[in-house]
Amino acid sequence: MACAGDDRWAPCPCSAAMLRIAQTLNGQLRAAMERAFPEAAQQASAAGQALDPQLAPASKPEFGDFQANGALPLAKPLGQPPRAIAQAIVAQLASEPAFAQLCLEPVIAGPGFINLTLRPERLAAEVGARLADPRLGVPVGANQGAGQGVSAGPVIVDFSSPNIAKEMHVGHLRSTIIGDCLARVLEFRGHPVLRLNHVGDWGTQFGMLITHLKQVAPEALEHPDAVDLGDLVAFYRQAKARFDADEAFQATAREEVVKLQGGDPVSLKAWGLLCEQSRREFQQIYDRLDIRLVERGESFYNPYLQKVVDDLNAATLLVTDDGARCVFLEGMSGKDGKPLPLIVQKRDGGFNYASTDLAAIRYRFSQAGDGASRVIYVTDAGQASHFAGVFQVARRAGWIPQGASVEHVPFGLVQGDDGKKLKTRSGDTVRLKDLLDGAVQRAEADLRLRLDQEGRTEDGAFIQHVAHTVGLAAVKYADLSTNRITNYQFSFDRMLALTGNTAPYLLYAVVRIAGIARKGGDLEAAAAAHLTFTEAQEWALVRELLKLDAVIAEVEEELLPNRLCSYLFELSQVFNRFYDQVPVLKAEEPARSSRLALCLLTTGTLKLGLGLLGIPTLERM
RNA sequence: GGGGCUGUAGCUCAGCCGGAUAGAGCGACGGUUUCCUAAACCGUAGGUCGUGGGUUCGAGUCCCGCCAGCCCCGCCA
């Protein structure tokens with residue numbers, strides 16, 4: 001989407017600071033290549049392409065800021081050594097005054113790489129510009145579709161989605177945390193975002209739940225506030241146990257499903273009570289994790305299900321097979337090599353999750369519904385083939401508009417230390433609440449131990465606040481910092497470690513800067529100073545800080561939060577090196593103010609980045 | 001049987017349209033503190049990128065085969 005395509009630095013609607021410089025350089029390099037090799041340029045354009053400078057960030061700091069690899073692939077067609085080609089390109093660049101204002105003399109290295117280093121004064125100017133920008137150089141309003149008439153409809157992020165009357169467990173952790181992060185990034189980029197909680201609030205299990213409710217707590221139907229159902233999980237288990245053991249109960253439960261689907265007011269009321277109870281419990285988790293969601297459960301789409309089937313039939317996509325109504329999928333075959341069906345209506349006439357997902361996708365893209373431009377599903381990787389089927393059918397039915405996109409954002413399992421799916425010692429599913437409690441408790445224990453060792457005293461409110469912040473940050477960061485597609489090994493010890501790529505390490509960098517401010521560093525005043533840098537550690541920090549806009553654009557496009565985590569970790573490391581080796585408060589002017597300005601931009605960048613991960617920061621810890 | 005994902009250092013993981021000597025962190029070993037929180041920093045050791053082919057000037061990255069693990073495959077979500 002943003003800056004996508006086969007040419008990374010092609011001009012695009014985003015006009016971000018560092019990205020914009022890269023685009024400018026790309027244009028200058030391309031023009032230089034065209035002047036140096038007009039025949040090759042003509043051939044390329046005849047083939048509908050342009051010469052590609054292959055501009056990329058430098059692979060190592062000693063190579064400068066950017067490298068252009070475009071000379072290498074020209075060696076064979078031109079029949080010249082690649083270094084000679086690079087030399088010719090560089091000679092043409094020399095005649096471009098705008099290039100000389102931007103970069104130092106290019107260096108040809110290795111087999112024919114052109115290494116580019118930005119002029120220091122240019123980097124310092126960029127730092128100054130970011131200090132004056134509350135968005136730190138990250139533009140709003142990318143992804144406008146380059147005038148293709150793409151609707152500016154909302155981006156829908158479908159995530160979390162627990163089941164009513166069941167407890168949120170570790171299985172919901174990744175969807176909730178990753179989905180929230182992606183929503184935050186998209187929002188920050190200026191997209192209207194609809195965060196939808198597609199809760200499982202419909203289905204046959206409600207037959208037994210409602211029957212059980214009517215029998216054990218009939219008063220709840222009259223005075224909803226008077227009854228607290230308490231532990232819904234226990235309630236669910238009781239109902240399930242009776243359902244499995246008692247045939248009469250089973251029969252009543254089945255009748256109850258029919259009554260509920262038929263709109264019986266008492267059944268609906270009982271259903272509503274159960275949903276409300278679940279909602280309260282979910283909300284406690286969401287509040288704790290600072291996650292906003294709009295609940296729109298499966299039941300919302302009930303009125304649209306029949307039309308989905310009817311319209312698929314009218315489009316001649318529907319086939320009745322063994323009593324079930326299916327759409328046979330193209331390019332996906334099952335056993336015997338026969339096409340795989342997507343069942344949209346069961347033999348008994350009932351609907352299933354494919355029907356609901358189709359109704360949802362249609363509603364979300366439809367102008368009468370959400371009118372979305374992009375829909376993102378954050379669910380586990382096991383559902384990949386289900387979504388592939390649903391997307392295909394929706395596409396063939398014409399429910400996904402031109403220019404709109406629908407994406408499954410898959411993630412791997414949460415595993416324990418043993419490499420198997422995370423379970424409690426007794427083999428049960430881990431409750432999300434217990435997992436979060438565990439993280440906070442351990443964070444508190446770590447903190448108390450350290451206070452003890454350092455002879456510090458802090459009040460209870462401080463300890464609670466720090467433990468809560470660090471514990472939850474650790475859980476979120478550990479999840480977000482690995483590539484989501486792989487399975488992720490859950491370990492309290494690793495995520496709460498004070499060193500390495502962890503939340504505490506990043507939070508500590510923010511705390512160090514807050515410490516400088518407390519000890520007399522006026523960060524805000526320094527922002528207006530004339531910036532002069534002399535030390536290697538200062539320049540390393542400057543270069544790292546200026547990468548923010550490119551990183552965020554990348555996360556927006558690839559929907560990979562771990563890219564942002566890696567960046568924030570590297571920024572923290574570079575900052576700690578700077579902090580360790582370059583004095584700030586004790587430096588003479590003008591170095592002192594320039595360094596304070598770097599501290600201000602560093603803390604701003606870390607707070608912004610962590611904020612996009614859904615992690616708040618601390619002043620002391 | 002068909003399909004998907006994964007396989008990179010002892011462990012946990014990065015690796016961004018294919019680009020320079022494959023990178024971190026942890027752990028191990030060795031160093032650094034009259035100085036802004038040492039929860040830090042500096043250094044050393046450690047890899048046949050599962051395996052065999054292919055494409056390419058160049059492959060951890062792309063294509064094909066094989067091996068291993070996990071997941072999905074008609075009326076649960």
Side-chain angles (χ1 to χ4, degrees), chain A residues 4-8 52 54 56-57 59-60 63 67 69 72-73 75-76 82 109-113 115 161 163 200 203-205 298 321-326 332-338 340-348 350-354 356-357 379-386 388 410 412-413 415 419-421 446 450 454 456 478 481-483 485-489 491 493-494 497-502 504-505 507-509 511-521 550-551 554 557-558 560 562-563 565-566 569-570 573 576-577 579-581 583-586 599 620-621:
Chain A
D6 50 7
D7 187 347
R8 174 182 303 184
D52 185 1
Q54 293 194 11
S59 58
K60 291 188 178 185
F63 298 151
Q67 61 184 60
N69 305 336
L72 296 168
K76 199 169 189 184
F113 301 111
N115 289 339
S161 307
N163 289 316
T204 50
Q205 78 273 18
E298 295 172 347
D321 191 87
D322 198 13
R325 317 199 76 187
C326 328
M332 297 186 211
S333 50
K335 297 165 185 151
D336 326 327
K338 288 180 182 168
L340 209 62
L342 184 76
I343 295 177
V344 296
Q345 191 167 22
K346 300 188 285 184
R347 194 182 336 180
D348 65 5
F351 299 104
N352 62 1
Y353 66 123
T356 307
D357 281 343
T379 79
D380 69 276
Q383 297 188 53
S385 48
H386 165 68
L413 292 174
Q415 299 174 319
K420 293 181 181 170
K421 195 171 173 181
D446 284 353
R450 213 174 53 250
E454 295 171 10
R456 285 165 63 190
S481 61
T482 68
N483 188 318
I485 196 69
T486 56
N487 291 341
Y488 143 64
Q489 210 172 77
S491 162
D493 288 339
R494 271 201 296 273
L498 310 167
T499 59
N501 188 6
T502 65
Y505 179 86
L507 291 173
Y508 181 57
V511 164
R512 281 188 139 178
I513 297 171
I516 291 175
R518 271 196 306 277
K519 291 284 171 69
V551 170
E554 194 178 304
E557 186 199 332
E558 310 209 15
L560 289 176
N562 67 302
R563 296 274 165 80
C565 294
S566 298
F569 175 55
E570 278 162 33
Q573 282 186 306
N576 276 328
R577 230 162 268 150
Y579 180 94
D580 191 63
Q581 295 163 25
V584 176
L585 292 176
K586 295 188 174 169
C599 289
R620 294 193 304 122
M621 63 192 283

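In what follows, every heavy atom counts, from backbone to side chain, and hydrogens, waters and symmetry copies are set aside. Throughout, protein chains are lettered first and strands after them, A, B, ... in sequence-line order, and every chain is numbered starting at 1.
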message: Below the 4.0 Å mark, does B:C76 have OP1 or OP2 next to a side-chain nitrogen or oxygen of A:Asn163?
response: no
task: Mind listing the closest non-hydrogen atom pair of A:Gln54 and A:Pro73 along with its distance?
output: NE2-CG, 3.7 Å
message: For a quick test of reading the model: is some side-chain N or O of A:Thr499 closer than 4.0 Å to OP1 or OP2 of B:C26?
response: yes
task: Establish, with yes or no, whether the OP1 or OP2 oxygen of B:C41 is under 4.0 angstrom from a side-chain nitrogen or oxygen of A:Tyr505.
output: yes
- request: For the side chain of A:Glu298, starting at C-beta, report the closest nucleotide among B:A77, B:C75, B:G15.
  value: B:A77
- prompt: How many Å lie between CD on A:Gln489 and C1' on B:C11, as a whole number?
  reply: 9 Å
Whole-angstrom distance between B:G15 and B:A9, as gauged at atom C1': 14 Å
- prompt: Under 4.0 Å: is that the gap between some side-chain N or O of A:Lys60 and OP1 or OP2 of B:G23?
  reply: yes
- line: Looking only at B:C13, B:C42, B:G19, the nucleotide nearest the A:Leu72 side chain is B:G19
message: Ignoring hydrogens and geometry beyond distance, is the side chain of A:Asn115 in donor-acceptor contact with the base of B:A20 at under 3.5 Å?
response: yes
message: Nearest to the side chain of A:Asn576, heavy atoms from C-beta on, is which of B:G15, B:C16, B:C41?
response: B:C41
field: Pi stacking test for A:Tyr579 and B:A40: under 5.5 Å apart, planes under 30°
entry: no
field: Short side-chain N/O contact to B:C13 OP1/OP2 from A:Arg494, under 4.0 Å
entry: no
- prompt: Counting only side-chain N and O atoms of A:Lys586, is one of them less than 4.0 Å from OP1 or OP2 of B:C35?
  reply: no
Atom-to-atom span, CD of A:Glu558 to P of B:C17 - whole angstrom: 8 Å
field: Proximal nucleotide (of B:G19, B:U6, B:G23) relative to the A:Ile485 side chain
entry: B:U6
task: Quickly work out the A:Lys420 NZ to B:C70 P distance and round it to whole Å.
output: 9 Å
